[in-house]
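Comments concern the structure below.
Every number for a ligand or one of its atoms is a count from 1 in the order of the listing.
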Amino acid sequence: MQIFHHIASLRDALKQERLAGKRIGFVPTMGNLHDAHIELVKKAQQTNDIVVCSIFVNGLQFGLNEDWDKYPRTFQTDCQRLRDANCDYLFHPDDREMYPNGMDTQTRVICPTMTDVLCGASRPGHFEGVTTVVTKLFNIVQPDEAVFGLKDYQQLAVIRRMAEDLCMPVQITAGEIHRETDGLAMSSRNGYITEEERPRVNQLNQSLNWVAEEIKGGRKDFEVLEAEAKQQIEEAGFRVDYFTISDSKTLDPAAVDDTEITVLGAMYTSAARLIDNVSLSLS
Ligand code: PAF
C-alpha cells in the first residue's frame, strides 16, 4: 500500500492509474478503523481496480464541545489493517494540507434542510463540515465510486443529495451496517461505552427493529410508535436525542403512504452518542 500525505503526489499517482484505464474506488474515513471500515474497502474492491482510503480527522465537522481532540488516532494500526485488506492507496493529510487557508475562512458546501434535522439538530455545522471535506476529498481523488457506511444514514443521504445537486461525477454506494453479536452497530465511538452500560446499549437497535416490525405489521400511528420507542430506551437508562420514522430519501417525517421508510435513532450513554437506523421497503 502506498501512503500519501500530500495532495499533489496522490494526484500524480492516481493520474497514472486513470491513464491506464483503472476504475478508482474511494473509502473516506477518520481512522480508528474497525471491521466495518474494512468491509467498506472490500466492497469498493469488488467494483473497482484501485481502492483509495483516506484517514483525516476533520476538525470542520466537530462542534466546539465535541471530541475532536480526543478522537482516537491509531494510524499505525490502521495502516496495518488496510495493508492486510490489500488497500492500494492511503491518503493521510494533515490539517495544513487540507485547510491551507485555515478552517475559519474555508469555502463551505451547504446542503440545506436535510442537515438541520436529526443529527444536524444537535450538532449544528456538523454536516457542513462533512459535505465540505467530502467535496474536497472527491476533488482530490476524483473517484468513480465512493463507499459510505449505512450506519451514518443521514450522512449518506446528505452526500447522495449533494452529489446529485452538484452533478458530481461519482457513484455513491452504501456499505452495510456491521454489528456486534448483540446487534450494537460497530462504531469508532463504541470505545467510549462503559462496561456497566455495554449490556444495555443494544436497546437502541432493539427499539429500531421493534418499530420496523410494527410498521411492517400495518401500524401507521408513527408519532405514537416513536414515543413508545423513546420510552423503551429511557427505561434502559439512556437519554434519547431523537427517534424518528422518516422518508428514506428526503429524511422528512414519513407520511402514512410512504413506501421507503427509515427509522433512525440517536441516544446518549455517559460518554458517547450512539446512532443507528433500520430501513424498510413496503412496496
Ligand atoms: O464518516 C466519516 O468518517 C466522516 O464523516 C467522513 C465521511 C470521513 C468525512 O470526514
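A salt bridge between R273 and D241 is present, with a side-chain N of the basic residue lying under 4.0 Å from a carboxylate O of the acidic one. Comment: D221 engages R219 in a salt bridge, judged by a side-chain N to carboxylate O separation of less than 4.0 angstrom.
Classified by interplanar angle (parallel below 30°, tilted 30° to 60°, perpendicular above 60°), the ring pair F56/Y99 is tilted.
Inclusion of T29 in the set of residues having an N or O under 3.5 Å from an N or O of ligand 1 is not warranted. Taking distance alone, with nitrogen or oxygen atoms compared against 3.5 Å, Q155 approaches ligand 1 more closely than that limit.
Using a 4.0 Å cut-off to heavy atoms of V133, the atoms of ligand 1 that qualify are 9 (C), 10 (O). Set against the non-hydrogen atoms of Q61, the atoms of ligand 1 under 4.0 Å away are 4 (C), 5 (O), 9 (C), 10 (O).
Looking at heavy atoms from C-beta onward, R23 lies out of side-chain contact with P143 at the 4.5 angstrom threshold.
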